[in-house]
Amino acid sequence: MGKRVRKKELREKKRIAKERVETLFTLAERVFPYSPELANRYVEIALAVQQKAKIKLPRKWKRRYCKKCHSFLVPGKNARVRLRSKPYPHVVIKCLNCGHIMRYPYLREKRREKKSD
């Protein structure tokens with residue numbers, strides 16, 4: 001009986017943590033034009049909640065903050081986004097606060113487009 005209750009509590013904690021992370025990233029997105037420092041703080045809190053609850057960040061939020069300085073990234077404001085095709089197709093995001101470069105492949109998406117044509 002005890003294991004069921006613990007598992008249910010753990011599931012509930014993870015659900016609450018996911019909601020909080022989603023809320024914090026949404027707030028960071030809204031508040032960034034007025035206060036980038038506050039947006040960065042929201043990202044730090046969201047990452048702390050995510051690590052404590054051991055949950056995965058959704059891809060849409062995982063690519064919106066710098067892995068080095070934990071600042072919220074907005075293309076054109078504090079991030080540079082470029083598409084590169086060599087040596088493999090990838091997106092290059094450069095944080096303009098700390099200079100950190102992140103690369104994300106988009107080969108899978110390109111292959112799916114070719115198959116559907």
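Atoms considered below: every heavy atom in the structure, side chains included; atoms not considered: hydrogens, waters and symmetry mates. This is a predicted model, so every value here is computed, not measured.
A distance-only check finds no donor-acceptor pair linking the side chain of K68 to the backbone of I101 [under 3.5 Å]. Of the possible donor and acceptor atoms, one in the side chain of H90 sits under 3.5 Å from a partner among the backbone N and O of Y88.
When each of I16, L57, V43, L47 is paired with V21, the side chain to side chain contact (heavy atoms under 4.5 Å, CB included) condition holds for L57 and for no other.
Taking the side chain as every heavy atom from C-beta outward, K54 and K13 never approach each other to under 4.5 Å. With contacts defined as side-chain heavy-atom distances shorter than 4.5 Å, the pair Y42/E29 does not qualify. Contact check for R6 versus L10: no side-chain heavy atoms found under the 4.5 Å cut-off.
In this structure, the separation between CG on L24 and CZ on R20 is 9.0 Å, given to the nearest 0.5 Å. One distance of note links SG of C69 with CD of E44; it measures 9.0 Å at 0.5 Å rounding.
The hydrophobic cluster containing L83 also contains L73, counting ILVMFWY residues as joined when their side-chain heavy atoms lie under 4.5 angstrom apart, directly or transitively. In terms of hydrophobic clustering, with Ile, Leu, Val, Met, Phe, Trp and Tyr side chains grouped at heavy-atom distances under 4.5 Å, V74 and M102 are assigned to different clusters. Follow the hydrophobic side-chain contacts under 4.5 Å out from Y104 and you reach Y106 in the same cluster.
Here the closest non-hydrogen pair linking H70 and Y65 is ND1-CE1, 3.9 Å. When all heavy atoms are compared, the tightest approach of K77 to F32 is CB-CE2, 3.9 Å. Considering all non-hydrogen atoms of both residues, A39 and A28 come closest at CB-O, 3.5 Å. Residues S71 and N97 share a closest heavy-atom pair of OG-ND2, 3.2 Å. What you find for R63 and I93 is that their closest heavy atoms are O-CD1, 4.2 Å.
Around atom NZ of K14, more than 12 heavy atoms belonging to other residues, nucleotides or ligands sit under 6.0 Å away. Dense packing is recorded around CZ of R15, with more than 12 heavy atoms of other residues, nucleotides or ligands lying under 6.0 Å away. Within 6.0 Å of atom NZ in K67, more than 12 heavy atoms from other residues, nucleotides or ligands are found, so the atom counts as buried in its surroundings.
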